[in-house]
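The figures here come from the full heavy-atom set of this structure, side chains too, leaving out hydrogens, waters and symmetry mates.
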Amino acid sequence: MQAIKAGRDPRVSIQSHDFDLTQEVAHLRAGDARIGAVCAFVGTVRDRHAGAEAGSVSAIELEHYPGMTEKAIEAMIDAAQQRFAILGARVVHRVGLLQPLDQIVLVAVTSMNRRESFQACEFLMDYLKTQAPFWKKEATPEGARWVDARVSDDAALARWGLSLPNA
C-alpha cells in the first residue's frame, strides 16, 4: 500500500465550528496528480431518531475526550490505509450543541480509482459509528436522553470482519 502522505493539514479535526466541503476536499487533493477519485460523505443532524416522528429531536449535543478521540480516529484511518489503496483521508467531526440540518461529520478519501475511495469512505464511516469515543445526547419533547449505539451500526462494522466492543 502507498503511505498516506503527512501533509501540512491534519487528517483528523474535532471542532465546534462548521466545515466547508469544497475547501476540505481541495486541501485533500492539493498537488497530488495521482488522485483519480475522491469520495466524501457528509452526515447531518436529523430532526428525529430511528422510528420517531419529524421534530422529535430539537438538538443534539456531542461530547468527546480531547486527545483520545483524535488518536482513535487516526488509528481508524491507519486501518483503512492497510485495507485499501488510498492516497489521503480526512475526517472532520463536530462537537457541542448542534441543530437539525447542521453538518456533523465529514469523511473524505482520495485514491487512484473510485472503488478504493468508495470502500474506504464507507469503511471509515462504519468504523466511526461504533468506535469513535463520542457521547451524544438528544433533546426531545420528553427531555434529554443519551443515545446508545445501534445494533445496525455493529452489523455494518461486522461486515468488514471487525467485531469490536463499542467505544
Is atom CE of M125 surrounded by more than 12 heavy atoms (other residues, nucleotides or ligands) closer than 6.0 Å?
yes

Is there a side-chain contact between I104 and I60, using heavy atoms and a 4.5 Å cut-off?
yes

I need the N113 CG to F118 CZ distance, nearest 0.5 Å.
10.5 Å

Q131 side-chain N/O to L128 backbone N/O, donor-acceptor pair under 3.5 Å
no

Minimal non-hydrogen separation, V38 against R29, with atom names:
CG2-CD, 3.5 Å

Give the minimum heavy-atom separation between A120 and I86, together with the two atoms involved.
CB-CG2, 3.5 Å

Heavy atoms only: give me the nearest L124-M76 pair and the separation to one decimal.
CD2-O, 3.5 Å

Say you draw a straight line from CG of L28 to CD of E24; how long is it, rounded to the nearest 0.5 Å?
8.5 Å

Residue pair L87 / S111: nearest heavy atoms and the distance that separates them
CD1-C, 3.8 Å

Smallest heavy-atom separation, V95 atom then L62 atom, equals CB-O, 3.6 Å

Given side chain to side chain contact (heavy atoms under 4.5 Å, CB included), test D20 with H27 step by step and report yes or no.
CA-CA 11 Å; D20 181 297; H27 282 274; over 6 Å; no

Which atom pair, heavy atoms only, marks the closest approach of C39 to C121?
SG-CB, 3.7 Å

Do you know which of V25, L21, V91 makes side-chain contact (heavy atoms from CB on, under 4.5 Å) with L106?
L21

State whether the side chain of E138 and the backbone N or O of V57 hold a donor-acceptor pair below 3.5 Å, judged by distance alone.
no

CD/Q119 to CZ/R83 distance, rounded to the nearest 0.5 angstrom?
10.5 Å

Is there a donor-acceptor pair closer than 3.5 Å between any side-chain N or O of Q15 and the backbone N or O of H17?
yes

Do T69 and P133 make a side-chain contact, defined as non-hydrogen atoms from C-beta onward lying under 4.5 Å apart?
yes

Taken in chain and number order and not counting sequence neighbours, the residues that satisfy side-chain contact (heavy atoms from CB on, under 4.5 Å) with D18 are R94, Q103

So H93 and F134, would you call those rings parallel, tilted or perpendicular, with 30° and 60° as cut-offs?
parallel

Would you say V105 and K129 make side-chain contact, with heavy atoms under 4.5 Å?
no

Regarding T110 and R90, is there a side-chain donor-to-acceptor distance under 3.5 Å anywhere?
no

Separation of R46 CZ from L101 CG (nearest 0.5 Å):
12.5 Å

